[in-house]
Amino acid sequence: MRNSKTPKLTIVGAGPGDAELITLKAIKALEKADVVLYDALVNEELLQYATNAEIVFVGKRFGCHAYTQDQINELIVSMANRHGHVVRLKGGDPFIFGRGSEEIDYVEQFGLETAIVPGISSALGVPASVGISLTQRQVAESFWVITGTTSNHELSKDVYLASKSAATVVILMGMHKLEEIISIYKENRTDDLPIAIIQNGTKNTEQKVVGTISSITKLVLEKKISSPAIIVIGEVVKNTSKLTSYFQEHFDDEFIFQNLNLE
Ligand SMILES: C[S@@+](CC[C@H](N)C(=O)[O-])C[C@H]1O[C@@H](n2cnc3c(N)ncnc32)[C@H](O)[C@@H]1O
């Protein structure tokens, strides 16, 4: 049955994990939602703001998709027609490897109004939260954000290009390709180039390792680091200053550079 409310989709970025790293605009959208469809990397604490909404998990857990992308697209349209305002809550920023633009393109064919609320991407927020400055004067003039796994399940060719530059490289969805990434860097750069890997960044389950191209594989095995994680490669990892007081307050686990011996 069609609802009298205007069918509308708002795509909302939930931030990297810490529930306080969502925007005020995102909270306001959740408060006004009739339906929330949320993904696996979203912090479920945020659902408390959606006081009047039907809430549906549409993400991937234990390697299985609750819904395919086509089913999610159709669900957005049918929910919006039935209930009104659908909020699509996605981890990080919806337009960074988040399929936000695909969902907007799909629903606009059905005449739905659309809006977007950007979020703090894990690509930026997670390195910052552990004190890694992606750009730094005299050290890195730019950074790349690359997917480790393309839609063909292959490592992005951009990793080869990026490894030849002095830029900081941030790789998402790269843990299954870590060996390949390391061998590219061994070919194109030095073995002592610093690298950090952070799993569940900004959450209380956060784990991180910092090492070099030659040492990181062993450290990852020792600390049992796995997905979801981001890989940060570049000299800025070495020059990282102390954690800010905000994050020290939130994370009293071992200081990331305690075991560093990069000098
Ligand atoms: C499908 S992408 C979505 C990225 C998201 N749209 C963003 O802007 O952060 C999922 C990947 O993001 C990275 N990721 C997301 N949240 C993370 C977190 N809290 N800590 C570490 N990596 C994270 C991981 O590489 C994960 O495999």
Side-chain angles (χ1 to χ4, degrees), residues 10-23 26 37-46 57-69 72 87-104 116-132 134 143-156 158-159 162 168-178 180-181 195-210 216 220 223-233 237 247 250-251 253 256:
T10 306
I11 305 241
V12 174
D18 180 338
E20 292 183 9
L21 290 176
I22 194 169
T23 64
L37 306 179
Y38 75 101
D39 282 346
L41 290 177
V42 166
N43 187 331
E44 290 184 335
E45 277 177 45
L46 295 171
F57 173 71
V58 294
K60 190 164 138 187
R61 258 187 207 143
F62 312 115
C64 296
H65 287 280
Y67 289 81
T68 63
Q69 187 60 49
I72 293 172
V87 163
R88 191 61 184 94
L89 189 61
K90 290 170 172 284
D93 180 87
F95 282 4
I96 304 294
F97 305 123
R99 298 190 176 189
S101 59
E102 290 172 36
E103 292 177 9
I104 287 189
I116 168 92
V117 179
I120 299 178
S121 175
S122 62
L124 307 183
V126 171
S129 75
V130 296
I132 298 174
L134 295 181
F143 60 87
W144 295 56
V145 177
I146 311 176
T147 178
T149 313
T150 63
S151 48
N152 303 329
H153 309 289
E154 283 166 10
L155 181 69
S156 168
D158 289 351
V159 175
T168 306
V169 174
V170 180
I171 303 175
L172 275 64
M173 297 173 281
M175 288 309 281
H176 296 299
K177 303 280 192 229
L178 187 60
E180 235 180 293
I181 294 166
I195 170 168
I197 300 183
I198 307 124
Q199 179 183 2
N200 292 325
T202 78
K203 295 189 173 177
N204 53 14
T205 49
E206 179 176 291
Q207 287 240 83
K208 60 223 159 197
V209 282
V210 183
I216 200 75
V220 163
K223 264 205 155 184
K224 299 190 174 62
I225 304 277
S226 60
S227 303
I230 66 160
I231 302 166
V232 186
I233 310 172
V237 173
F247 283 99
H250 281 68
F251 306 116
D253 53 348
I256 53 169

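Atoms within a ligand are numbered from 1 in the order they appear, just like the ligands themselves.
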*Nearest protein heavy atom to atom 24 (C) of ligand 1, by residue and atom, and its distance?*
Ala229 O, 3.4 Å
*Check: Ile171 N/O within less than 3.5 Å of ligand 1 N/O*: no
*For ligand 1, which atoms sit closer than 4.0 Å to a heavy atom of Ile198?*
21 (C)
*asked:* Closer than 3.5 angstrom, by distance alone: can the side chain of Asn43 be matched with the main-chain N or O of Glu45 as a donor-acceptor pair?
replied: yes
*Return yes if some donor-acceptor pair links the side-chain N/O of Gln199 with the main-chain N/O of Ser226 below 3.5 Å, else return no.*
yes
*Name the closest protein heavy atom to atom 12 (O) of ligand 1, giving the residue it belongs to and the distance to 0.1 Å.*
Leu172 CD2, 3.5 Å
*Are more than 12 heavy atoms from other residues, nucleotides or ligands located less than 6.0 Å from atom CZ of Phe97?*
yes
*Quick check: does any side chain N or O of Asn152 sit under 3.5 Å from a backbone N or O of Glu154, one acting as donor and the other as acceptor?*
no
*Only heavy atoms count here, so choose which of Ser122, Gly125, Pro16, Pro94 is nearest to atom 14 (N) of ligand 1.*
Ser122
*With Leu37 as reference, evaluate Lys90, Arg88, Glu103 under the side chain to side chain contact (heavy atoms under 4.5 Å, CB included) test and give the passing residue.*
Arg88
*So is Gly201 polar-close to ligand 1, meaning N/O to N/O under 3.5 Å?*
yes
*asked:* Among all the protein's non-hydrogen atoms, which is closest to atom 5 (C) of ligand 1, and how far away is it?
replied: Gly91 O, 3.3 Å
*Return yes or no for this condition: an N or O of Leu41 is under 3.5 Å from an N or O of ligand 1.*
no
*Would you say Thr147 and Leu172 make side-chain contact, with heavy atoms under 4.5 Å?*
no
*Work out which heavy atom in Thr150 is nearest to a heavy atom in Leu155; give both atom names and the distance.*
CG2-C, 4.3 Å
*Short list, please: which atoms of ligand 1 are under 4.0 Å from a heavy atom of Gly92?*
7 (C), 8 (O), 9 (O)
*Can you figure out which of Leu21, Thr149, Val170, Ile230 has its heavy atom closest to atom 22 (N) of ligand 1?*
Ile230
*How does Thr202 reach ligand 1, if at all, at less than 4.0 Å between non-hydrogen atoms: by side chain, backbone, both, or neither?*
neither
*Should Met173 be listed as contacting ligand 1, given a heavy-atom distance under 4.0 Å as the test?*
yes
*Please check if the side chain of Ser227 supplies one atom and the backbone of Met175 the other of a donor-acceptor pair under 3.5 Å.*
no
*asked:* For the 3.5 Å polar cut-off, considering only N or O atoms, please tell me whether Ile96 and ligand 1 meet it.
replied: yes
*For the residue pair Ala123 and Val170, what are the closest heavy atoms and their distance?*
O-CG1, 3.9 Å
*Is the closest heavy atom of Ser121 to ligand 1 under 4.0 Å?*
yes
*Is there side-chain contact between Ile233 and Ile181, with heavy atoms separated by less than 4.5 Å?*
yes
*Would you check whether Lys203 has a nitrogen or oxygen atom less than 3.5 angstrom from a nitrogen or oxygen atom of ligand 1?*
no
*Which atoms of ligand 1 are found less than 4.0 Å from any heavy atom of Phe97?*
1 (C), 2 (S), 3 (C)
*Give yes or no for whether the N/O distance cutoff of 3.5 Å, strictly under, is met between Gly174 and ligand 1.*
no
_Option passing side chain to side chain contact (heavy atoms under 4.5 Å, CB included) with Ser121 (candidates Val145, Ile230, Asp93)_ = Asp93
*asked:* Looking only at protein heavy atoms, which one is nearest to atom 26 (C) of ligand 1, and what is the separation?
replied: Pro228 CB, 3.9 Å
